[in-house]
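What you are looking at is a predicted structure, and each value in this text was computed from that prediction instead of being measured. No hydrogens, no waters, no symmetry mates; every other heavy atom, side chains included, goes into these values. Sequence positions, counted from 1, serve as the residue numbers for this chain. Numbering of ligands and ligand atoms starts at 1, following listing order.
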Amino acid sequence: MRLDKIIKGGTVVTAEGQVKADVGISGEKIAAIGASLPTGDAKVIDARGHYVLPGVLDVHVHLELPFCGTTSSDDYRSGGRAGARGGVTTLIDFAIPYRKKNGKGYETLSEAADNWMKRAEGKALIDYTFHICVTNYDQHKDEIEGMVRRGFPTFKEFMIYESEGWQSDDRAIFGTLERMRDLDAMLLIHAESSRVLDELIARHHTSKLMKKYGARLHGMSRPNFIEAEAIQRATAWCEATGGQLYIVHMSTAEGTEIVRAAQDRGVPVIAETCAQYLVLDDSVFRGKDGHLFACCPQLKKPADQERLWQGLQSGEVSVVSTDTCSFTRKQKAMWKGDWTKIPMGMPGLETLMPVVYTHGVLGGRLTVEDMVAVLSTNPAKIMGLYPRKGAVQVGSDADLAIIHPKKATKVDWKKMETNTDWSPFQGWQLAGFARTTVSRGEVIVDDYKVVGKAGRGQWLPRRTAGLRL
Ligand code: URP
Ligand code: ZN
Ligand code: ZN
């Protein structure tokens with residue numbers, strides 16, 4: 001077998017262990033792994049003193065999302081470049097069917113997928129696919145099977161966002177989970193309890209309180225039970241139907257406990273958290289720029305962070321993603337002192353691995369193998385992409401991230417690829433940025449700089465999803 005490239009002298013890390021080995025690449029695939037592979041005329045990528053990891057999958061990303069009266073500022077061009085700098089080689093976005101402008105129903109699931117395909121085409125640097133959002137159950141329920149056949153076995157329902165026209169009720173969640181069971185597909189849920197949340201928002205939405213507390217009200221109106229009750233309810237429908245459930249962006253200790261108890265009973269529920277919930281807490285809302293950090297669900301307390309890290313250690317929480325939904329300062333300024341009008345979301349793709357590596361691995365909370373599991377291997381398995389993605393194995397796509405074990409840099413949004421003029425981690429010292437990122441055999445980040453061209457990223461068809469526990 002002729003090798004085009006050899007990654008030489010690095011420590012190859014998988015979810016199972018680590019070994020000093022060379023990785024040989026032929027075309028887009030990993031073709032050989034072994035000690036001192038003969039170089040021949042292959043291009044050598046020197047990885048001495050570095051970890052060689054499977055590329056990261058960020059399975060929760062919103063690029064160019066029309067939301068909160070504006071459109072999120074990272075598109076497939078900047079989002080792909082940002083991800084690549086952080087060693088991300090696959091992203092999964094959410095295709096959302098909107099209400100039709102003529103008022104006659106919603107776009108179909110297939111139209112939503114087409115719309116998101118158009119966003120990616122010609123711009124994507126890394127590989128991508130979408131979860132398909134069910135925003136109008138009665139219209140969309142009979143379209144689900146066709147979408148699975150089209151290569152989209154993951155669906156999403158939101159328990160909030162009535163004003164966006166995206167909300168699903170218990171009936172929709174129950175019925176969709178039944179379909180997931182029958183189709184070997186998986187339902188992702190944004191779990192927040194909307195009716196009580198609406199009541200708490202209304203109670204806090206007074207000019208007196210807004211003057212006094214500003215952006216802190218975002219946290220004050222979303223106590224932990226808002227997420228916990230919703231996870232409890234979604235898990236009950238999962239248990240009743242046997243349909244595979246995946247809780248996105250879980251942020252609370254209580255949610256983690258509910259997931260653990262359900263998993264102990266054999267309920268097929270999987271949990272994801274995001275990097276920001278592991279390292280940021282709601283004290284950020286006190287600052288002058290507090291409103292920049294508003295996202296749904298909002299940042300919680302240090303005790304929640306600790307429980308989420310424990311969940312990652314024990315396997316109760318399987319995935320760390322970002323929920324990337326970037327907005328610039330100008331967009332965030334739309335709030336004008338009213339926290340209910342802040343565009344919700346934060347940038348994250350570029351800093352996912354650096355945050356988890358620095359605070360998880362260097363912070364002594366995770367092994368580097370654990371990190372590979374929660375950033376690459378588990379998401380690939382759960383989302384139906386393994387072993388094409390998430391593995392350093394002969395036959396897998398040559399998607400690799402090469403990182404230095406110690407070298408840290410100071411985060412500065414001015415030097416980043418993310419299309420925002422701020423960063424939640426501005427000034428933080430983070431290790432774990434990719435010195436080299438390889439995507440399907442092509443070097444797209446070299447010496448920490450993006451060198452790959454927009455438009456080379458490919459759509460990834462999938463057949464099934466979920467991980468039977
Ligand atoms: O604040 C967030 N999370 N924005 C993106 C939409 C969502 O709920 O995932
Ligand atoms: Zn959400
Ligand atoms: Zn999201």
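Among residues two or more places apart in sequence or in another chain, the side chain to side chain donor-acceptor pair (under 3.5 Å) test is passed with W116 by D93. The side chain to side chain donor-acceptor pair (under 3.5 Å) check on D198 picks up R195, with sequence neighbours excluded.
Excluding waters, the set of protein N/O/S atoms under 2.8 Å from the Zn ion (ligand 3) reads H60 NE2, H62 NE2, D323 OD1.
Counting only N and O atoms by type, the side chains of H249 and H60 include no donor and acceptor under 3.5 Å apart. No side-chain donor from either of K300 and T252 sits under 3.5 Å from a side-chain acceptor of the other.
Relative orientation of the W428 and H359 rings is tilted, given thresholds of 30° and 60° on the angle between their planes. Classification of the H190-F158 ring pair by plane angle, with boundaries at 30° and 60°, yields tilted.
Centroid-to-centroid, the aromatic rings of F67 and Y161 come within less than 6.0 Å.
Contact shell of ligand 1 (protein heavy atoms, cutoff 4.0 Å): H60, H62, F67, Y161, H190, H249, C295, C296, D323, C325, M344, G345.
A cation-pi geometry, defined here as NZ or CZ lying under 6.0 Å from the six-membered ring centre and within 45° of its normal, does not hold between R462 and F152.
The number of heavy atoms from other shown groups lying within 6.0 Å of NZ (K415) does not exceed 12.
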